[in-house]
There are 2 protein chains.
Amino acid sequence: MPDQTTCQFEARPRRISLAGAHRSPEYCLSCGVRGRSVCSVVDDADIARLAETAVETLVLPGRCFIEEGGPATDFFNITAGTVKLFKALPDGRRQITGFAGTGHFLGLAVSDHYAFGAEALDTVRLCRFSRARMRHLLDDFPRMERRLLEEASNELVAAQNQMLLLGRKTARERVASFLLDRVQDALDPTGVVPLPMTRADIADYLGLTIETVSRTLSWLRREGMIAIGKGHAIHIAAMPRLEALASGDA
Amino acid sequence: MPDQTTCQFEARPRRISLAGAHRSPEYCLSCGVRGRSVCSVVDDADIARLAETAVETLVLPGRCFIEEGGPATDFFNITAGTVKLFKALPDGRRQITGFAGTGHFLGLAVSDHYAFGAEALDTVRLCRFSRARMRHLLDDFPRMERRLLEEASNELVAAQNQMLLLGRKTARERVASFLLDRVQDALDPTGVVPLPMTRADIADYLGLTIETVSRTLSWLRREGMIAIGKGHAIHIAAMPRLEALASGDA
DNA sequence: CGCGTCATTGAGATCACTCAAAAGGAGTGG
DNA sequence: CCACTCCTTTTGAGTGATCTCAATGACGCG
């Protein structure tokens, strides 16, 4: 079982390319994530610059690869898997500030210390950029900065939505909002929500307890709004009712 | 009395410069806010480009100048006063997502609709940039984009802190955190916190009710941690105890 | 002085939390 | 294949922090 208290780098880093003395750009060119991430703004011709800057890293489930308060040495681009971002209080209370999936960019910080921690939910693959190398990259590709600004803007909007949720919504509204966000994120029109996170993670994300999350999901099931399947998957049975609940119209 | 429900543009816009056919750059050159805002990255030589892009606007206390969900037509740079940013639910519940003061840049959004509303707390002066003009400005001054990215990063960190507060802190911890943030913001080492906002605003910011905010401030006073002065000003009497409370060490 | 708004304080209600126990699932080893 | 363990999830009962409702007090303004 992964130890949640020790937040160590248990990753296995290796260079993107293993062939030849130079790191090859083929990896980036064939990267399925490129279209969805900051990397998309770098042309094929310049991709070598990108490839030689990145280090591929694998993070095992439950492992922490960003330690809250630790020195901010790297930026990360997630190429596979899902991570949770969180902040903690000295007595152990936790708030998950977001879940970051494939294509997400992590580590934006003016300070030289990370303001949050990051832990892998499942096996996560990511590209790692040292701060110094990233700075050179941004100097050479100003379009990356624009793209990062877009991403940061989107995250700010999400953060504001989450503040509304945490500050003003009831437990039922929070869980409904969460499920809808997830189904949006999964781009699955059938209404099946994959939940790679535990009840504890959902609770820490919604500012609730495990018990309240569980009770609320049971209530949604009894009300016929969702169906709870095997293996952490939930099917949304009454989308309009759930949407009304999530937006507080109920 | 300002009507909070109608969120209209009650501002009095006028061009920055009134002298001559061309808008003069003197306004920006002598602007006391320039050093603290995105404008600082534009050299004196190029300041005319900046000046001709901005429109000075005055917003009266209690007036809304960004309507949540309305078309995102402009960006804003606050040159005087304080505004509150908020989101609302259909039934009237509100969450203030932040207070923005002099030098702050508003309106970052990828969407063409504002994700939040903004209302003046006191008389607010701001520079207004249309989206189209702003885009040209960013094309010409890439350093502005970098500066905006820094500002967005800082706001993200603040948003994450606020999520921790809203999701996991008690009422006492929230109020203590709020007072400390304010004193930090005011750069006043004497520990006097100016509070230009009402109890209702504080409550909507901290995810509490007016009554709880009031009760908690009274409790802090009884405990000797603060002194409540005239005219919405609070003096912090026991900084270390307040800090311990805010961080959850109590 | 009288009015409206904002802030404080009190009493009771409620939603979510805490504590506790049982049920469900996954992995391991006999 | 089953027994066993560990962990997660669910459900129940009671508590408590915060909310709601209500009244009073303080302040500014015409």
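At whole-Å resolution of the value, CG in A:Leu206 and C1' in C:dA16 are 13 Å apart. In this structure, B:Ile202 places its CD1 atom 17 Å from C1' of D:dT18, rounding to the nearest Å. The separation between A:Arg172 atom CZ and C:dT14 atom C1' is 12 Å, rounded to whole Å. Here the P atom of nucleotide C:dG10 and the CH2 atom of B:Trp219 are 17 Å apart, to the nearest Å. When the C1' atom of C:dT8 is taken as reference, atom NE2 of B:His232 falls 12 Å away, rounded to whole Å. Atom CD1 of B:Ile210 and atom P of D:dT20 are 11 Å apart (whole Å). The nearest whole Å value for the distance from the CG atom in A:Leu217 to the C1' atom in D:dT8 is 14 Å. Atom CG in A:Leu208 sits about 18 Å away from atom P in D:dA17, given to the nearest Å.
A cation-pi geometry, defined here as NZ or CZ lying under 6.0 Å from the six-membered ring centre and within 45° of its normal, does not hold between A:Arg128 and A:Phe76.
Here D:dT18 is the nucleotide among C:dT9, D:dT10, D:dT18 with the atom lying nearest to any side-chain atom of B:Thr170. Taking the side chain of B:Ser218 as heavy atoms from C-beta on, and the options D:dC19, D:dT10, C:dT8, the nearest nucleotide is C:dT8. Each of C:dT9, D:dT18, D:dT10 was ranked by its minimum atom distance to the side chain of B:Ser214; first place goes to C:dT9. Distances were taken from every side-chain heavy atom of A:Thr209 (C-beta onward) to each of D:dT9, C:dT8, C:dC17; the shortest belongs to C:dC17.
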Worksheet item: If the sugar-phosphate is the primed atoms plus P, OP1 and OP2 and the base is the rest, what is the B/S/- string for nucleotides 21-30 of chain D, using protein heavy atoms under 4.0 Å?
Response: B-----S---
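Between A:Asn77 and A:Ser37, the shortest heavy-atom contact is ND2-OG, 3.4 Å. Across all their heavy atoms, A:Leu242 and A:Ile236 have their closest contact at CD2-CD1, 3.8 Å. Residues A:Thr79 and A:Val33 come closest through the heavy atom pair O-CG2, 3.2 Å. Across all their heavy atoms, A:Arg94 and A:Ala88 have their closest contact at CG-CB, 4.2 Å.
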Identify every side-chain donor-acceptor pair in residues 95-109 of chain B under 3.5 Å, counting partners at least two apart or on other chains, and give the distances.
from, atom 1, to, atom 2, distance (Å)
B:Gln95, NE2, B:Asp204, O, 3.1
B:Gln95, NE2, B:Tyr205, O, 3.1
B:Thr97, OG1, B:Leu85, O, 3.4

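Classification of B:Arg172 and B:Glu223 as a salt-bridged pair fails, no side-chain N sitting under 4.0 Å from a carboxylate O.
The only option from B:Leu217, B:Ile228, B:Ile234 that meets the side-chain contact (heavy atoms from CB on, under 4.5 Å) definition with B:Leu195 turns out to be B:Ile234.
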Worksheet item: Yes or no on salt bridge (Lys or Arg N to Asp or Glu O under 4.0 Å) for A:Arg63 and A:Glu119, after CA distance, side-chain angles and deciding distance?
Response: CA-CA 5 Å; A:Arg63 294 296 173 157; A:Glu119 184 182 309; over 6 Å; no
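Nucleic acid contact for A:Arg221: sugar-phosphate only, since backbone atoms but no base atoms lie under 4.0 Å from a heavy atom of the residue.
Taking every heavy atom of residues 193-201 of chain B and every atom of DNA chain C, pairs under 4.0 Å involve B:Thr198, B:Arg199, by number.
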